There are 2 protein chains.
Amino acid sequence: MDKNSSSLDLKKAGLKVTLPRVKILELLENSKDRHMSAEDVYRALLDADADVGLATVYRVLTQFEAAGLVTRHDFDGGKKIYELDTGESHDHIVCVKTGEVAEFRDEIIEKRLLEIAEELGYELTDHKLVLYGVAKAKS
Amino acid sequence: MDKNSSSLDLKKAGLKVTLPRVKILELLENSKDRHMSAEDVYRALLDADADVGLATVYRVLTQFEAAGLVTRHDFDGGKKIYELDTGESHDHIVCVKTGEVAEFRDEIIEKRLLEIAEELGYELTDHKLVLYGVAKAKS
DNA sequence: CTAGGTGCAAACATTTTGCATGGTT
DNA sequence: AACCATGCAAAATGTTTGCACCTAG
């Protein structure tokens, strides 16, 4: 019953349960790297002997985003990065040396952003915050 | 002596003073919209009867970025957006309806970001913060 | 069975690069 | 004069789309 959870999520999202969609969703759920580009997903599927076309990967990821299953980021500029949407909004910190991505959520920031938008005369709908830094050696 | 300031900036940045570079820098300094894509710059130059190739626009903007004269953003994902670097780091708020971009700087945020990076074991080198919202009717 | 999904390849959009020519110091 | 910058067109990315075939409900 491995695919059951994925199937349920798909149905809940109003998407027909097809093989490519299940495979992609499972991949996103199980992959160690939560942040993947369409190309990453495509290659991972190939490695897993799943025969899914690149165009389908793009289409499915787009549908997943529309359905709220995944979130899209444009960290650097080259590619679009997708990650499973856990419901918990969070921000990212990227190591400029290794490219590794970590996540965090900070209430002080969240609260202040609301205030700032208010002060500027906007109703805040979303935000995107990425920190860039060098990971320091751990003591 | 309109071009003098631009020329000086270019020299200070260690760039040879050429016509395309001067024109592009002046454009960025004088344009009402501080945020422009390479295509935007290219078309504005065409409109001004400046005969600069698109490839040169890309090259010059890249050099300007390397020289610290401009900053690059990837607001949505499609295109890369450039803006003059005023030295004052600031963040952006984008109206999801009109696409208009406003700028702000908030010390509470700046301070907190440093703390967060520290807590996560990073030395902060940069950050990117974009708020998305709907501009409310002004009373 | 029927609507919608998929794969492939071609089309697109944006950015980069090779090369011969031209401009700046 | 020497060197680097430019323009053009071709190539390289990354993403989207048209169309014939296939599959889930």
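Below, read A as the first sequence line, B as the second, and so on, with proteins coming before strands; counting in each chain starts at 1. All values below come from the heavy atoms of this structure, side chains included, with hydrogens, waters and symmetry mates left out. All figures in this text were calculated on a predicted structure; none of them were measured in a lab.
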Side chain to side chain, E110(A) and D91(A), heavy atoms closer than 4.5 Å: yes

Which side-chain N or O atoms in residues 61-70 of chain B pair as donor and acceptor under 3.5 Å with protein atoms at least two apart or in another chain?
unit_1: T62(B); atom_1: OG1; unit_2: Y58(B); atom_2: O; d: 2.8
unit_1: Q63(B); atom_1: OE1; unit_2: R21(B); atom_2: NH1; d: 2.7

Crowding at CD, E100(B) (>12 non-hydrogen neighbours, <6.0 Å): no

Going 5' to 3' along DNA chain C, which nucleotides are the first and last within contact of chain A (any atom under 4.0 Å from a heavy atom)? dA3(C) to dA9(C)

Are the side chain of T125(B) and the backbone of Y132(A) linked by a donor-acceptor contact shorter than 3.5 Å? yes

Which pair of heavy atoms, one from A44(A) and one from M36(A), lies closest together, and at what distance? CB-CE, 4.3 Å

Partner set under salt bridge (charged side-chain N to carboxylate O under 4.0 Å, His left out) for E118(A), not counting sequence neighbours: K136(B)

Ignoring hydrogens and angles, tell me if any N or O in the side chain of S31(B) forms a donor-acceptor pair with the backbone of R34(B) under 3.5 Å. no

When clusters are formed from ILVMFWY side-chain contacts under 4.5 Å, directly or step by step, what else is grouped with I93(A)? F104(A), I109(A), L113(A), L114(A), I116(A), L120(A), Y122(A), L124(A), L129(A), L131(A), I93(B), F104(B), I109(B), L113(B), L114(B), I116(B), L120(B), Y122(B), L124(B), L129(B), L131(B)

How close or far is atom P of dT15(D) from atom NZ of K79(B), stated in whole angstroms? 16 Å

Can you label the angle between the H35(B) ring and the H73(B) ring as parallel, tilted or perpendicular, going by 30° and 60°? tilted

Could you pick out which residue, V17(B) or S37(B), lies toward the 5' side of DNA chain C when each is mapped onto its nearest nucleotide? S37(B)

L10(A) atom CG is separated from dT23(D) atom C1', nearest whole Å, by 15 Å

N/O (side chain, Y58(A)) to phosphate O (OP1/OP2, dT15(D)) under 4.0 Å: yes

Rounded to 10°, tell me the angle between the two end axes of the helix from dC1(C)-dG25(D) to dT25(C)-dA1(D), each built from five pairs. 40°

Measure all distances between protein nitrogen or oxygen atoms and nitrogen or oxygen atoms of nucleotides 5-12 of chain D, and list the pairs falling under 3.5 Å.
unit_1: dA5(D); atom_1: OP1; unit_2: R21(B); atom_2: NH2; d: 2.9
unit_1: dT6(D); atom_1: OP1; unit_2: T18(B); atom_2: OG1; d: 2.8
unit_1: dG7(D); atom_1: OP1; unit_2: D51(B); atom_2: O; d: 2.7
unit_1: dG7(D); atom_1: OP2; unit_2: G53(B); atom_2: N; d: 3.0
unit_1: dG7(D); atom_1: OP2; unit_2: T56(B); atom_2: OG1; d: 2.6
unit_1: dG7(D); atom_1: N7; unit_2: R59(B); atom_2: NH2; d: 2.8
unit_1: dG7(D); atom_1: O6; unit_2: R59(B); atom_2: NH2; d: 3.4

Please evaluate residues E83(B) and H90(B) with respect to the criterion side chain to side chain donor-acceptor pair (under 3.5 Å), reporting the C-alpha separation (whole Å), side-chain torsions for both, the decisive distance (0.1 Å), and the verdict. CA-CA 11 Å; E83(B) 81 173 301; H90(B) 57 257; 3.2 Å; yes

